[in-house]
Amino acid sequence: MSNPRAMPSREPRVLVLGYGNPGRQDDGLGPAAVAEIESVGWPNLTAFDNYQLNIEDAMEVAAHDVVWFVDAAKTGPSPYSVHNVSPAATIEFTSHLVRPEAILAIASQYYGAAPQAFVLAIRGYEFEFIEALTPGATANLRAALAMLAERLRGARDPVVT
């Protein structure tokens with residue numbers, strides 16, 4: 001017997017947003033991660049990349065339940081680090097730098113959305129004007145993608161709508 005008040009469930013909508021400059025060696029880790037994730041072809045998963053975050057990304061962020069911001073890290077642990085990210089208390093940005101917290105704040109303020117969000121910072125080592133990842137960054141990317149794939153499989157548990 002079904003409960004008439006039970007809410008229907010659905011798979012969460014997941015966004016993987018990679019950013020960085022592939023022409024600057026390991027700075028291209030975010031776009032490289034997106035290219036790999038796109039090849040999986042999972043339903044309810046959107047993946048795209050750009051050189052940097054833009055305030056317009058807030059509209060796409062608002063349309064998802066879970067968001068992964070993927071970028072290269074010049075410092076920090078190898079192979080990667082993950083941390084939760086929440087909307088910023090104030091929306092601050094310049095024309096060349098928009099942080100994930102600002103994107104989430106815009107999504108909340110203008111679209112009423114509050115997706116669960118994470119930053120995946122993949123450790124890079126070289127950032128010269130060369131279009132290729134270093135071997136160390138490539139190994140870190142593989143480890144980060146294995147973790148991300150596992151987390152995305154876990155995110156496929158239905159959410160109540």
Side-chain angles (χ1 to χ4, degrees), residues 11-89 91-107 114-157:
E11 285 188 10
R13 297 161 298 181
V14 177
L15 172 64
V16 177
L17 178 56
Y19 51 101
N21 183 347
R24 297 282 314 265
Q25 279 182 301
D26 297 347
D27 196 37
L29 281 162
V34 165
E36 292 294 324
I37 293 297
E38 282 181 319
S39 71
V40 175
W42 282 337
N44 295 325
L45 184 131
T46 304
F48 70 90
D49 65 84
N50 208 337
Y51 282 97
Q52 61 191 19
L53 294 176
N54 300 293
I55 60 172
E56 294 84 2
D57 293 329
M59 187 164 59
E60 190 71 33
V61 165
H64 291 83
D65 303 302
V66 178
V67 179
W68 285 86
F69 294 95
V70 183
D71 193 14
K74 288 184 177 182
T75 61
S78 291
Y80 59 84
S81 65
V82 174
H83 67 271
N84 293 330
V85 62
S86 301
I91 300 172
E92 298 177 12
F93 58 89
T94 69
S95 62
H96 296 288
L97 177 65
V98 181
R99 297 178 49 85
E101 295 87 349
I103 299 296
L104 292 167
I106 294 167
Q116 183 179 19
F118 305 93
V119 170
L120 170 56
I122 305 171
R123 182 70 163 90
Y125 304 101
E126 300 292 330
F127 295 85
E128 300 301 321
F129 289 103
I130 298 172
E131 288 193 41
L133 297 174
T134 61
T138 299
N140 293 347
L141 174 63
R142 284 192 201 109
L145 287 170
M147 177 280 305
L148 185 56
E150 189 63 33
R151 296 282 297 267
L152 291 174
R153 278 193 227 29
R156 297 174 64 80
D157 295 334

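Being a predicted model, the structure only gives us computed values, none of them experimental.
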First locate atom [atom1] of [X], then atom [atom2] of [Y], and finally report the distance between them rounded to the nearest 0.5 Å.
X: D65; Y: R13; atom1: CG; atom2: CZ; result: 4.0 Å
X: L29; Y: N21; atom1: CG; atom2: CG; result: 12.0 Å
X: W68; Y: L15; atom1: CH2; atom2: CG; result: 12.0 Å
X: E38; Y: E36; atom1: CD; atom2: CD; result: 10.0 Å
X: L152; Y: N44; atom1: CG; atom2: CG; result: 12.0 Å

Can you name the nearest heavy-atom pair linking [X] to [Y], along with the distance?
X: A149; Y: W42; result: O-CH2, 3.7 Å
X: Y19; Y: F69; result: CE2-CB, 4.0 Å
X: Q25; Y: E128; result: OE1-N, 3.0 Å
X: A58; Y: I106; result: CB-CG2, 3.4 Å
X: V61; Y: A107; result: CG1-CB, 4.1 Å
X: N54; Y: I103; result: O-CD1, 3.0 Å

Sole candidate of L148, T46, V14 that passes side-chain contact (heavy atoms from CB on, under 4.5 Å) when paired with I37: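 By the side-chain contact (heavy atoms from CB on, under 4.5 Å) criterion, I37 pairs with just one of L148, T46, V14: L148.
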
For E101, all residues meeting salt bridge (charged side-chain N to carboxylate O under 4.0 Å, His left out), sequence neighbours excluded: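 R99.
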
Under 3.5 Å, which donor-acceptor pairs do the side chains of residues 79-87 form with other protein atoms, sequence neighbours left out?
none

Extract all donor-acceptor atom pairs below 3.5 Å that involve side chains of residues 71-78 and protein atoms in other chains or at least two apart in sequence.
unit_1, atom_1, unit_2, atom_2, d
S78, OG, Y125, OH, 2.7

Close side-chain approach of Y51 and P31, heavy atoms under 4.5 Å: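 Answer no - side chains too far apart.
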
Partner set under side chain to side chain donor-acceptor pair (under 3.5 Å) for T138, not counting sequence neighbours: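 For T138, no residue satisfies side chain to side chain donor-acceptor pair (under 3.5 Å) once neighbours in sequence are set aside.
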
D26: partners by side chain to side chain donor-acceptor pair (under 3.5 Å), with sequence neighbours left out: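 Testing D26 for side chain to side chain donor-acceptor pair (under 3.5 Å), a comparison that skips the adjacent residues, returns T134.
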
Could you pull out every donor-acceptor pair under 3.5 Å between side chains of residues 115-122 and any protein atom, sequence neighbours left out?
none

From CA spacing to verdict: side-chain contact (heavy atoms from CB on, under 4.5 Å), V16, V70: CA-CA 7 Å; V16 177; V70 183; 3.9 Å; yes

Flag if over 12 foreign heavy atoms under 6.0 Å of CE, M59: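 Count not over threshold, so no.
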
